[in-house]
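One structure below.
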Amino acid sequence: MLFGIVQAKRGNLRLHMRINGSIGLVLIAAVLAFEIDVRVNGWREAAMPSPYYDTWVFPALYVHLAFAVSSLVLLLWTIIGAWRGFPRPPAPAPHSVLHRRLGKLTFLDLCCTTLSGWTFYYLAFVA
C-alpha cells in the first residue's frame with residue numbers, strides 16, 4: 001500500500017489507482033471471507049487455553065474491532081470517493097485534497113488494525 005502511495009506522490013496516478021484500489025478490494029474480500037469463517041467455525045474454543053483468555057483477549061479484541069470497523073468505513077469512503085471524484089484516466093481534481101487526507105487516515109488506521117490484530121492473535125492463540 002505504501003508503494004502505491006509513493007506512486008501517487010511521484011505523479012503515477014494510474015499505477016497508484018490500480019495498486020491501492022486492488023489492495024483495498026482484496027482487503028474487503030479477505031475481511032468478508034474471514035468474518036464468514038469466524039461466524040461459521042467460531043474462535044473462542046481455540047482461544048480458551050490461552051493464559052490471557054480471561055484477562056486480555058477480549059479487551060484486545062474490542063480495540064482491534066474498533067480499528068477494523070473504522071478502517072473498513074474509511075477504506076470504502078476513500079475508494080468510492082476516488083471512483084466518483086476523479087476523472088478517467090486519473091488526474092488531479094477538486095476531490096484531491098479530501099482524497100489525500102482520507103488516504104493518510106485510512107493508511108494509519110489500517111496500520112493500527114494490523115498491530116491490534118497481531119496483538120489479539122498472539123494473546124488468543126499463541127501465548
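Residues: numbered from 1 along the sequence shown. Since the structure is predicted, the reported quantities are computational estimates derived from the model, not experimental observations.
Here the straight-line distance linking atom CG of D54 with atom CH2 of W56 works out to 13.5 Å at 0.5 Å rounding. Separation of atoms CG (L76) and OG1 (T106) is listed at 9.5 Å; rounding is to 0.5 Å. A distance of 9.5 Å separates CG of L75 from CG of N20, quoted to the nearest 0.5 Å. Note: L110 CG to F67 CZ = 11.0 Å, rounded to the nearest 0.5 Å. Atom NE2 of H16 is separated from atom NZ of K9 by 10.0 Å, given to the nearest 0.5 angstrom. Within the model, atoms CG of L105 and OG of S70 stand 8.0 Å from one another, a figure rounded to the nearest 0.5 Å.
Following chains of ILVMFWY side-chain contacts shorter than 4.5 Å, one cannot reach M17 starting from L98, and the two form parts of different hydrophobic clusters. By the criterion of side-chain heavy atoms lying less than 4.5 angstrom apart, applied directly or through intervening Ile, Leu, Val, Met, Phe, Trp or Tyr residues, V73 is not grouped with I23; the two fall into different hydrophobic clusters. There is no path of hydrophobic side-chain contacts, each under 4.5 Å, that joins L115 to F120. There is no path of hydrophobic side-chain contacts, each under 4.5 Å, that joins V31 to Y121. Residue L27 is grouped with residue F107 when hydrophobic side chains (ILVMFWY) are merged at heavy-atom distances under 4.5 angstrom, including chains of intermediate members.
Taking the six-membered ring where the residue is Trp, Y53 and F58 present perpendicular rings, their angle passing 60° and hence far from 30°.
With sequence neighbours excluded, the residues satisfying side chain to side chain contact (heavy atoms under 4.5 Å, CB included) with P89 are R14. Considering only residues two or more places apart in sequence or on other chains, H64 meets the side chain to side chain contact (heavy atoms under 4.5 Å, CB included) condition with A68, T113, S116. Every side chain to side chain contact (heavy atoms under 4.5 Å, CB included) that V40 has, sequence neighbours left out, goes to I36. Contacts of S50 classified as side-chain hydrogen bond (donor to acceptor under 3.5 Å, both in side chains), with partners at least two apart in sequence or in another chain: none.
Considering all non-hydrogen atoms of both residues, I79 and G24 come closest at CD1-CA, 3.8 Å. In plain terms, the two heavy atoms of P87 and A93 that are nearest each other are CD-CB, 4.1 Å.
A donor-acceptor pair is defined here as one N or O able to donate and one able to accept, closer than 3.5 Å; such a pair exists between the side chain of R88 and the backbone of W83.
Within the 4.5 Å cutoff, the side chain of S96 has heavy atoms near those of the F86 side chain.
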Side-chain donor-acceptor pairs under 3.5 Å in residues 1-8, sequence neighbours left out?
{"residue": "Q7", "atom": "OE1", "partner": "N12", "partner atom": "ND2", "Å": "2.6"}

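For the side-chain hydrogen bond (donor to acceptor under 3.5 Å, both in side chains) condition, the pairs that include at least one residue of residues 33-46, sequence neighbours left out, are E35-R39, D37-N41.
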